[in-house]
Enquirer: 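To start, I am sharing the structure in question, which I have written as structure tokens.
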Number of protein chains: 2
Amino acid sequence: MDAEARNTEGTPEGTPEAWRDIIPDAARRLMTAAVHAFAERGYHATTTRDIAGRAGMSPAALYIHYKTKEELLYQISKVGHRSALDILEEARDAAGTPAERLADAVRSFVRWHAEHHTTARVVQYEIGALAEDHYAEITAMRRASEGAVRAIVEDGVKAGDFDVPDARGTTVAVLSLCIDVARWFNPRGRSTPDEVGRLYAGLALRMVGAAGSPPPGDQGHT
Amino acid sequence: MDAEARNTEGTPEGTPEAWRDIIPDAARRLMTAAVHAFAERGYHATTTRDIAGRAGMSPAALYIHYKTKEELLYQISKVGHRSALDILEEARDAAGTPAERLADAVRSFVRWHAEHHTTARVVQYEIGALAEDHYAEITAMRRASEGAVRAIVEDGVKAGDFDVPDARGTTVAVLSLCIDVARWFNPRGRSTPDEVGRLYAGLALRMVGAAGSPPPGDQGHT
DNA sequence: CATGCCGGTGAGCAAGCGCTTAGGGGTGTC
DNA sequence: GACACCCCTAAGCGCTTGCTCACCGGCATG
């Protein structure tokens, strides 16, 4: 037995809302089956027989809805990155001080990575298995994500609210911190997605030297 | 062509010092070949023929020195985790204030992940492919790493130097930040391992609310 | 009832996988 | 020269892989 097989989900975590509109039903079932299989074992270690089996279908059924196994990964990556990017762009365009917008971005981005850590793991760690053109497309979305966060950070610097000598490096660090949640988060562990989100929002504010930011975890809606 | 194949190293990054004492020579050549192959394509996508080919040998030669492909991954994981753990424990046991020790830990831990990002990628992202007993052994070393960092953080809290409401969560965040360097670091990118290390040491000090910590990147030996 | 089509299956193909085995060439010892 | 030893190779075994293809039941339509 592989170590990854041990890493099973307590709850199947449901289906991200973004997948509701994937029809027909069989295509969606195959997609969620693929997400769980890819997250547990990795793309290359997952067989098309495994995916089809989880969806309660024969191996051949997969190819009625998807041209190849790689196309399945591509669709998952696209939907996942779209969700993540929406979160960050919404925070970037929201009203409020830079500190509020950064905290909001980190809180919801982290919460997404924790709640949908199965999807997030595939989205963040399996892109290397994409074909060249698909890889380029996804990379563009990732650059857009970084741009959204950097915009908030630079707003804060301009307003004099943040103290950041290296905006680009600090942005990478903040995003990196959020993304890595997908690697270690365990739904049966000590903290809920909400708790991690609030802790991390506070940590991010400290990282950018937000003036008078309270200790991490103390700010928020509690 | 896979996206991973695009992710080639400019310089082959040499061989971590820890591998000097792996003999015979052929075993070491196979090991470094495996590290590069695993880092580029992932464990499951790498074939034994590929590893042997990179080492300039026939596929069968691999099995003279290693029982299985998995044992190769296990040896790499063990050597890599040993190096990383040594770095953190050295910083934990060093003299100096908690702030100095934390900065030192983060700086050298990050530098290791950037300089040896090929090895680090395998060490951090392929452990799921280990067999059950090997996985357990490596997991113990990872817990020890977390313990070393938490010890420094708790020292700082006790001394009144740090302001950390959630020591365990903050420790996870700091370690997570460092580890993720292996995922995004690019030796042909904007920053050197040393620059990232210094930036991150400053960010970590801010995360723990170290009293009077200067802006990240400004402290250090410059 | 006949027809066409959508969404599915069972069987299987060519290729590639991890790993084994029989054997061979170079070197040191006597 | 005979021998043993180590390191390595050529060939290939048994199996799994991603994917295909001939076929079929259920259902709407005329």
Side-chain angles (χ1 to χ4, degrees), chain A residues 1-5 21-38 40-77 122 126 128-132 134-135, chain B residues 1-5 22-38 40-77 122 126 128-135:
Chain A
M1 175 178 160
D2 261 2
E4 343 218 10
D21 33 65
I22 286 173
I23 49 166
D25 178 72
R28 189 177 56 252
R29 264 163 48 224
L30 283 165
M31 200 149 166
T32 65
V35 167
H36 285 95
F38 291 164
E40 277 173 29
R41 305 205 210 296
Y43 174 80
H44 288 295
T46 299
T47 70
T48 54
R49 284 165 177 80
D50 184 22
I51 298 169
R54 283 174 190 247
M57 300 161 119
S58 78
L62 194 154
Y63 294 91
I64 295 167
H65 301 282
Y66 300 95
K67 278 213 311 289
T68 62
K69 176 177 141 183
E70 191 270 345
E71 204 211 317
L72 248 178
L73 175 64
Y74 168 57
Q75 297 293 346
I76 293 168
S77 283
V122 179
E126 304 292 334
L130 288 168
E132 196 140 14
H134 294 159
Y135 180 80
Chain B
M1 175 177 161
D2 261 2
E4 343 215 13
I22 285 173
I23 47 167
D25 179 72
R28 189 177 54 252
R29 265 163 48 224
L30 283 165
M31 200 150 166
T32 65
V35 167
H36 286 95
F38 290 163
E40 279 173 27
R41 303 206 211 296
Y43 174 80
H44 288 294
T46 299
T47 70
T48 54
R49 285 164 177 83
D50 183 22
I51 298 169
R54 284 173 190 247
M57 299 162 123
S58 81
L62 194 152
Y63 295 90
I64 295 166
H65 302 282
Y66 300 95
K67 277 212 313 288
T68 62
K69 175 177 141 184
E70 191 270 345
E71 203 210 318
L72 207 31
L73 175 64
Y74 169 58
Q75 297 294 346
I76 293 168
S77 283
V122 179
E126 304 292 333
L130 288 168
E132 196 140 14
D133 48 343
H134 294 160
Y135 180 80

Enquirer: CE/B:M31 to CD1/B:I76 distance, rounded to the nearest 0.5 angstrom?
Expert: 5.5 Å
Enquirer: Taking only residues two or more places apart in sequence or in another chain, which ones pass salt bridge (charged side-chain N to carboxylate O under 4.0 Å, His left out) with B:R54?
Expert: B:E40, B:D50
Enquirer: May I ask you to decide if B:A55's main-chain N or O and B:R29's side chain share a donor-acceptor pair within less than 3.5 Å?
Expert: yes
Enquirer: Whole Å only: how far is the OH atom of B:Y63 from the P atom of C:dT20?
Expert: 7 Å
Enquirer: Can you check the A:Y66 OH to C:dG8 C1' distance for me, whole Å?
Expert: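 To the nearest whole Å, that distance equals 16 Å.
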Enquirer: Quick test of your reading: applying salt bridge (charged side-chain N to carboxylate O under 4.0 Å, His left out), list the pairs with at least one residue in residues 61-71 of chain B, sequence neighbours left out, ordered by first then second residue.
Expert: none
Enquirer: At the 4.0 Å heavy-atom cut-off to chain A, mark where contacts on DNA chain D begin and end, going 5' to 3'.
Expert: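 Result: D:dT17 to D:dC21.
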Enquirer: Report all interatomic pairs (protein N or O, nucleotide N or O of nucleotides 24-26 of chain C) with separations under 3.5 Å.
Expert:
none

Enquirer: Nearest-Å distance, NE2 (A:H65) to C1' (C:dG7)?
Expert: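 Checked: the NE2 to C1' distance equals 6 Å.
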Enquirer: Any chance you could measure B:R28, atom CZ, to B:H65, atom NE2, to the nearest 0.5 Å?
Expert: 11.5 Å
Enquirer: Judged by atom type as modelled, is there a donor-acceptor pair below 3.5 Å linking the side chain of B:Y66 to the main-chain atoms of B:A27?
Expert: yes
Enquirer: Is there side-chain contact between A:I51 and A:F38, with at least one heavy-atom pair below 4.5 Å?
Expert: yes
Enquirer: If I take atom OH from residue A:Y63 and atom OG1 from residue A:T48, how far apart are they, to the nearest 0.5 angstrom?
Expert: 4.0 Å
Enquirer: Just the table, please: protein N/O against nucleotides 10-16 of chain C N/O, every pair under 3.5 Å.
Expert:
residue: C:dG12; atom: O6; partner: A:R49; partner atom: NH2; Å: 3.4

Enquirer: For A:A52, which residues count as a side-chain contact (heavy atoms from CB on, under 4.5 Å) partner, sequence neighbours excluded?
Expert: none
Enquirer: If you round to the nearest 0.5 Å, how far is CD of B:E126 from CG of B:L73?
Expert: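 The distance works out to 7.0 Å.
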Enquirer: Could you tell me the separation between the CD1 atom of A:I64 and the C1' atom of C:dC6, rounded to a whole number of Å?
Expert: 9 Å
